[in-house]
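What follows is a short report on a single structure.
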Amino acid sequence: QQQVKQSPQSLIVQKGGISIINCAYENTAFDYFPWYQQFPGKGPALLIAIRPDVSEKKEGRFTISFNKSAKQFSLHIMDSQPGDSATYFCAASIRTQGAQKLVFGQGTRLTINP
Amino acid sequence: DTGVSQNPRHKITKRGQNVTFRCDPISEHNRLYWYRQTLGQGPEFLTYFQNEAQLEKSRLLSDRFSAERPKGSFSTLEIQRTEQGDSAMYLCASSTRDRVEQYFGPGTRLTVT
């Protein structure tokens, strides 16, 4: 119940295309869903996040779509650029003993071909 | 405004040795988290501090691991009698009390030979 399943494991998109990464969860106690971007040798960087009472959130070229009934959420990267090539992690947050503990998906390695 | 910093960035040690990592959170962030990330996987929660109090520890944190946050500022993570399975990236994150966003440091990559 604490797992977050992410797909696909790897994704290749042409420059200018749309990149779509999907995640699914089981635990309805999760109350916050961030996406992180990670470059090799670096720590994860917070990209965008959503609460379950919102169905969509857009920030620049990045959009999260959230389906509460299906317990699924996805990241869309519009007009994908070579600089977007990185590993993306979805996560879900659950409050435990005062902390917002993050449970991460397995990651998606995104490659944008020029 | 400086982000979360971690030292050292890389550590190579022989099996059986003790290692200690340091994390300096963003100033005024009273919550501090440690995560472990193995190759090709997402980070996994290890432990959490609110100020100087360690409030939660994962089952991943065996008795060879100990974490401290004296005075509620920087934190240290010590691994005693390292094993090859401890090889991973150790990540630190911090957040404020009022917000859920967690900001990660660059990590310490540990290699146990």
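By convention in this document, chain letters (A, B, ...) are assigned in the order of the sequence lines, proteins followed by strands, and residues within each chain are numbered from 1.
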With a 4.5 angstrom heavy-atom cut-off, is it the side chain or the backbone of [X] that approaches chain B, or both, or neither?
X: A:L102; answer: both
X: A:P44; answer: both
X: A:R95; answer: side chain

Using non-hydrogen atoms and a 4.5 Å limit, figure out which bit of [X] sits close to chain A: side chain, backbone, both or neither.
X: B:R31; answer: side chain
X: B:L91; answer: side chain
X: B:Q37; answer: side chain
X: B:F49; answer: neither

* For chain B, find which of A:V103, A:T96, A:V4 contributes the most heavy-atom pairs closer than 4.5 angstrom. =>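 Among A:V103, A:T96, A:V4, the one with the most close pairs to chain B is A:T96.
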* What about A:L47 and A:V54, same hydrophobic cluster or not, with Ile/Leu/Val/Met/Phe/Trp/Tyr joined at side-chain heavy-atom distances under 4.5 Å? ->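 Looking at the clustering, A:V54 is in the same group as A:L47.
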* **From CA spacing to verdict: side chain to side chain contact (heavy atoms under 4.5 Å, CB included), B:V112, B:I79** => CA-CA 11 Å; B:V112 181; B:I79 309 175; over 6 Å; no
* **Within 6.0 Å of CZ in B:R97, more than 12 heavy atoms from elsewhere** =>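 At most 12 heavy atoms, drawn from other residues, nucleotides or ligands, come within 6.0 Å of this atom.
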* Is there a donor-acceptor pair closer than 3.5 Å between any side-chain N or O of B:Q102 and the backbone N or O of A:Q100? ->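 Here the side-chain-to-backbone pair exists.
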* Is A:E56 salt-bridged to A:K58, going by a charged N under 4.0 Å from an acidic O? ->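 Looking at A:E56 and A:K58, the cut-off is not met.
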* Asked: If you look at every heavy atom in A:T108 and A:Q6, which pair is closest and at what distance?
  ->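 Taking A:T108 first and A:Q6 second, the nearest heavy atoms are OG1-NE2, 3.0 Å.
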* To do: Please name the residue in the list A:F62, A:F73, A:F89 that meets the ring pair (Phe, Tyr, Trp, His ring centres under 6.0 Å) test with A:W35.
  =>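 By the ring pair (Phe, Tyr, Trp, His ring centres under 6.0 Å) criterion, A:W35 pairs with just one of A:F62, A:F73, A:F89: A:F73.
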* Heavy-atom pairs under 4.5 Å with chain A are the metric here; pick the option from B:R109, B:Q50, B:E101, B:H10 that has the most. =>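 Looking at each option in turn, the highest pair count goes to B:E101.
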